[in-house]
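Reckoned from all heavy atoms, side chains included, excluding hydrogens, waters and symmetry mates.
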Number of protein chains: 2
Amino acid sequence: MTDIPAKRKLTIEDVARQAGVSISTVSRVMNNTDYIADATRRKVQDAIDALDYRPNALARGLKQMKTDSIGLILSDLQNPFWLMVLEGIEDACQEAGYSLLILNSRDDPEKEGKNIKEFLMRQLDGIIINPASEDNPLFAALAAEAFPLVFLNRRVKGVEVDTVVADNFKGTMLAVSHLAALGKNRIAIFLYPANGISPRQERLEGYKQALAAHGLETDPALIKIVETKEDCLAAMKQLLSGSGKPDAILSTNNRLTLEILDALGTLNIAVPQDIALLGYDETEWSKHLNPPLTTIRQPAYEMGREAAERLILAIAAKRRGETMQPVTVQLEPTLVIRESCGEILQ
Amino acid sequence: MTDIPAKRKLTIEDVARQAGVSISTVSRVMNNTDYIADATRRKVQDAIDALDYRPNALARGLKQMKTDSIGLILSDLQNPFWLMVLEGIEDACQEAGYSLLILNSRDDPEKEGKNIKEFLMRQLDGIIINPASEDNPLFAALAAEAFPLVFLNRRVKGVEVDTVVADNFKGTMLAVSHLAALGKNRIAIFLYPANGISPRQERLEGYKQALAAHGLETDPALIKIVETKEDCLAAMKQLLSGSGKPDAILSTNNRLTLEILDALGTLNIAVPQDIALLGYDETEWSKHLNPPLTTIRQPAYEMGREAAERLILAIAAKRRGETMQPVTVQLEPTLVIRESCGEILQ
DNA sequence: GTGAAAGCGCTAACAA
DNA sequence: TTGTTAGCGCTTTCAC
């Protein structure tokens, strides 16, 4: 194979020479600052086009102390919920002329820390993060220096940072009310272990309060915290073997819903005939499950968009030397009724 | 709210002053080059830790002409297939000490071009791309200057670039053979419109050849190209109303499979009793559909890992001044048998 | 072993 | 309206 010579990278100087002007003039037409004679502008633009020149973002960012890009740290790219969120973020960024970099913490606080540092070293203008930990000292440090930061989907106590969440409390309230209205009075709830920061706590709380509001009492035996698929099956067996069997199950996560469905199938329990099942988070396949799943829908796209827009606002404010008071925005979930709780789909 | 003064960013100079050494010494301990007295190294490290200093990646990259990061351009983040691919890429990057930046072309050639330019301006060391177009002049340009580049999941004709794909031809061959072995002889295939570059062409070709190999003839009426959900339903109606009804359907995309399932449901056709259904791509929910779906599984994780590893190799080679001969790696799909084609799951 | 200084490619005063 | 020049924060010769 021929050894292709590594063509030296084009710089602003090459353009300047080609156009017969100084490098500052080239810079000016690229950045559209100052007045430039039309003829000059044309010459320069022609040179840029002819050479197919693209400015070095590193050099530009170094000088300007900004990169016009923001970072997103997600904790679970596998969850389809986040894909919808991502779309909202992408759209907002695109509209504002920001690029978006994505990193995955896999819900590991250590990896999360590395990801944040990575973004800081890259001089990103701001960060949106779905926090994996609630005591990361970096959070406080960033908040202290008013670094543009938005928490998404999870609240972190003790730090004042812009936060965009769904009303998880209301989510399970909606779910329980729906179930209660259908005459269910032994409603079990399944959760993955909460890590202290997750919306799952709020969802559990909403469940309890909704029960109380409907005159039902909270039976600890109906609260199942499972970690693995096997846990889930074991918990289900136990639940169905005792005396006070549940007549409905509330799942708090869409993967967990699949595991519950598996367990139910294994145990030959029919949904919704034998038991009602209500899931959290709409997904592409919610309506294709057997039976089509009644779910709590979170406004994922809107959450993403809101988070990105707030962040971009904060970045702009900081450039003007202002500091915005952090706020928490809470968006409302809705109930999507299908067949898994006993209703007939029209 | 108090106006927090934007703390001036720490630089290598601050560390040098704190440690009582020159900035070059600080640079040396950070980069682990040269010999450094243990005492000096410790002093510097202490200063770095004390100040919580993080080097500016822009400055460093500008000087070193490299960023130790690679870019990934995906065409459809919504497809769960890509999430598995992504995991493989992430793992490989992490192991090699590279960071990964992700951009989304949404299968739009124009956006794809912008994404590539964005990455080039950022001086990324290499790019993995799931091409959205086959005639992007940038491809040839990059190939010509031996820029580290890997095509993923789709081949592009006319340019010599490292490519990692699944054997789509074999995928549909497997599918058709399975169906034929079950006695099906009117096998329909559903595809989204191919954009000239997509694996769908190869999948269609595999379908035709497999039919021939099994002594079945290709009936154009059984090849359905649909764009929307409505198309899908219409096509299905037409298919089932005619004389030569199909006894099996081969879907070539996992979202399309959901649409097919919807259409079948609407038309009251039972799977697998009335018709067999075989899907392409394993997903988390394949086995939870009604009925559990028999699918062609692509080695998604492995594809991602392979692509990233090849790219990183190419980057290293280029740094040594060598040029690697581009190769195409083709990984093998497998058949995952469940219940949607009539088998009984044990 | 360590420091001084040049420069990576660009932007933004400051002059002209 | 345009050119000259001083850095942005870092790495890397080249001296010592």
Side-chain angles (χ1 to χ4, degrees), chain A residues 6-45 47-48 51-69 117-118 120-125 319, chain B residues 6-45 47-48 51-69 117-118 120-125 319:
Chain A
K7 198 171 52 179
R8 196 184 57 75
K9 282 206 169 120
L10 288 172
T11 75
I12 197 171
E13 261 191 283
D14 299 302
V15 180
R17 195 173 319 114
Q18 166 101 1
V21 298
S22 77
I23 60 167
S24 30
T25 301
V26 176
S27 172
R28 283 189 187 99
V29 337
M30 289 196 305
N31 293 285
N32 233 319
T33 162
D34 289 338
Y35 286 92
I36 300 155
D38 268 4
T40 311
R41 177 186 301 276
R42 204 167 8 252
K43 267 193 307 186
V44 172
Q45 194 55 57
I48 289 176
L51 296 173
D52 193 25
Y53 166 75
R54 276 178 296 274
N56 183 324
L58 264 33
R60 191 202 283 250
L62 178 60
K63 179 70 198 178
Q64 295 195 138
M65 309 270 239
K66 65 167 188 161
T67 53
D68 287 328
S69 37
K117 288 180 184 161
E118 172 79 31
L120 292 175
M121 296 204 308
R122 280 180 191 281
Q123 314 299 115
L124 296 199
D125 298 338
R319 289 210 182 122
Chain B
K7 198 170 52 178
R8 195 185 57 75
K9 280 203 172 122
L10 288 172
T11 76
I12 197 172
E13 261 191 284
D14 298 300
V15 179
R17 197 175 316 115
Q18 167 100 1
V21 298
S22 77
I23 60 167
S24 20
T25 300
V26 177
S27 174
R28 284 191 187 97
V29 338
M30 288 197 305
N31 292 287
N32 233 320
T33 164
D34 288 335
Y35 287 94
I36 300 152
D38 268 6
T40 312
R41 178 187 297 277
R42 207 170 1 257
K43 268 193 307 186
V44 171
Q45 194 55 58
I48 289 176
L51 296 172
D52 193 25
Y53 166 74
R54 277 178 295 275
N56 183 325
L58 264 34
R60 190 201 284 251
L62 178 59
K63 180 69 198 180
Q64 296 196 139
M65 309 268 235
K66 66 165 187 164
T67 53
D68 288 327
S69 37
K117 288 182 183 160
E118 173 78 32
L120 291 176
M121 295 205 307
R122 279 178 194 283
Q123 314 297 116
L124 295 199
D125 298 337
R319 289 209 183 125

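- From A:Met65, atom CE reaches atom CG of B:Asn56 across 9.0 Å, with rounding to the nearest 0.5 Å.
- The salt bridge (charged side-chain N to carboxylate O under 4.0 Å, His left out) search around A:Arg42 returns none, not counting sequence neighbours.
- Looking at heavy-atom distances under 4.0 Å, A:Met30 makes contact with sugar-phosphate atoms alone, never a base.
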List the atom pairs, donor and acceptor, that lie under 3.5 Å between side-chain atoms in residues 20-37 of chain A and the rest of the protein, sequence neighbours left out.
unit_1: A:Ser22; atom_1: OG; unit_2: A:Ser24; atom_2: N; d: 3.4
unit_1: A:Ser22; atom_1: OG; unit_2: A:Ser24; atom_2: OG; d: 3.0
unit_1: A:Ser22; atom_1: OG; unit_2: A:Thr25; atom_2: N; d: 3.4
unit_1: A:Ser22; atom_1: OG; unit_2: A:Thr25; atom_2: OG1; d: 3.3
unit_1: A:Ser27; atom_1: OG; unit_2: A:Asn31; atom_2: ND2; d: 3.4
unit_1: A:Arg28; atom_1: NE; unit_2: A:Asp34; atom_2: OD2; d: 2.9
unit_1: A:Asn31; atom_1: OD1; unit_2: A:Arg60; atom_2: NH1; d: 3.1
unit_1: A:Asn31; atom_1: ND2; unit_2: A:Ser27; atom_2: O; d: 2.8

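- Within the 4.0 Å cut-off from OP1 or OP2 of D:dG9, not a single side-chain nitrogen or oxygen of B:Tyr53 is found.
- In this structure, NZ of A:Lys43 is placed 14 Å from P of D:dT1, rounded to the nearest angstrom.
- For the residue pair B:Arg122 and A:Thr67, no side-chain donor N or O sits within less than 3.5 Å of a side-chain acceptor on the partner.
- Nearest nucleotide to the side chain of B:Ile12, out of C:dT2, D:dG9, D:dC10: D:dC10.
- For the atom pair CE of A:Met121 and CZ of B:Arg54, the computed distance is 8.5 Å after rounding to the nearest 0.5 Å.
- Of the listed nucleotides (C:dT2, D:dG9, D:dT11), D:dT11 has the atom at the smallest distance from the side chain of B:Arg60.
- Rounded to an integer number of Å, the gap from NZ of A:Lys66 to P of C:dC10 is 16 Å.
- Atom pair A:Gln123:CD and D:dC8:P shows a separation of 14 Å (rounding to whole Å applied).
- With sequence neighbours left out, A:Lys66 forms a salt bridge (charged side-chain N to carboxylate O under 4.0 Å, His left out) with A:Asp68.
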Can you tabulate the close N/O pairs, meaning under 3.5 Å, that link protein atoms to atoms of nucleotides 3-6 of chain D?
unit_1: D:dG3; atom_1: OP2; unit_2: A:Ser22; atom_2: N; d: 2.9
unit_1: D:dG3; atom_1: OP2; unit_2: A:Ser22; atom_2: OG; d: 3.0
unit_1: D:dG3; atom_1: OP2; unit_2: A:Thr25; atom_2: OG1; d: 2.5
unit_1: D:dG3; atom_1: N7; unit_2: A:Ser24; atom_2: OG; d: 3.4
unit_1: D:dG3; atom_1: N7; unit_2: A:Arg28; atom_2: NH1; d: 3.3
unit_1: D:dG3; atom_1: O6; unit_2: A:Arg28; atom_2: NH2; d: 2.3
unit_1: D:dT4; atom_1: O4; unit_2: A:Ser24; atom_2: OG; d: 3.0

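- D:dC10 atom P lies 15 Å from atom CZ of A:Arg122, rounded to whole Å.
- Atom-to-atom distance recorded for A:Gln45:CD and A:Arg41:CZ is 8.5 Å, nearest 0.5 angstrom.
- Whole-Å rounding puts the A:Ile48 CD1 to C:dG9 C1' distance at 14 Å.
- The CD atom of A:Glu118 sits 8.5 Å away from atom CG of A:Leu124, with the distance rounded to the nearest 0.5 Å.
- Summarising the geometry, the separation between CZ on B:Arg54 and P on D:dC10 is reported as 12 Å, rounded to the nearest angstrom.
- Contact detail for B:Leu51 and B:Leu10: the closest heavy-atom pair is O-CD1, 3.2 Å.
- For A:Gln18, there are no side chain to side chain donor-acceptor pair (under 3.5 Å) partners at least two apart in sequence or on another chain.
- B:Asn31 has its CG atom 6 Å from the P atom of D:dT12, to the nearest Å.
- For B:Gln64 and C:dC8, the CD to C1' distance is 11 Å, given to the nearest whole Å.
- For the helix from C:dG1-D:dC16 to C:dA16-D:dT1, the terminal axes (five pairs an end, C1' atoms, rotation from four pairs onto the next four) enclose an angle of 40°, given to 10 degrees.
- In this structure, A:Ser27 reaches the C:dT11 phosphate: one of its side-chain N or O atoms is under 4.0 Å from OP1 or OP2.
- For the pair B:Asn56 and D:dC10, the criterion of a side-chain N or O lying under 4.0 Å from OP1 or OP2 is not met.
- Among the heavy atoms of the strands lying under 4.0 Å from A:Ile36 are primed sugar atoms or P, OP1, OP2 only; no base atom is included.
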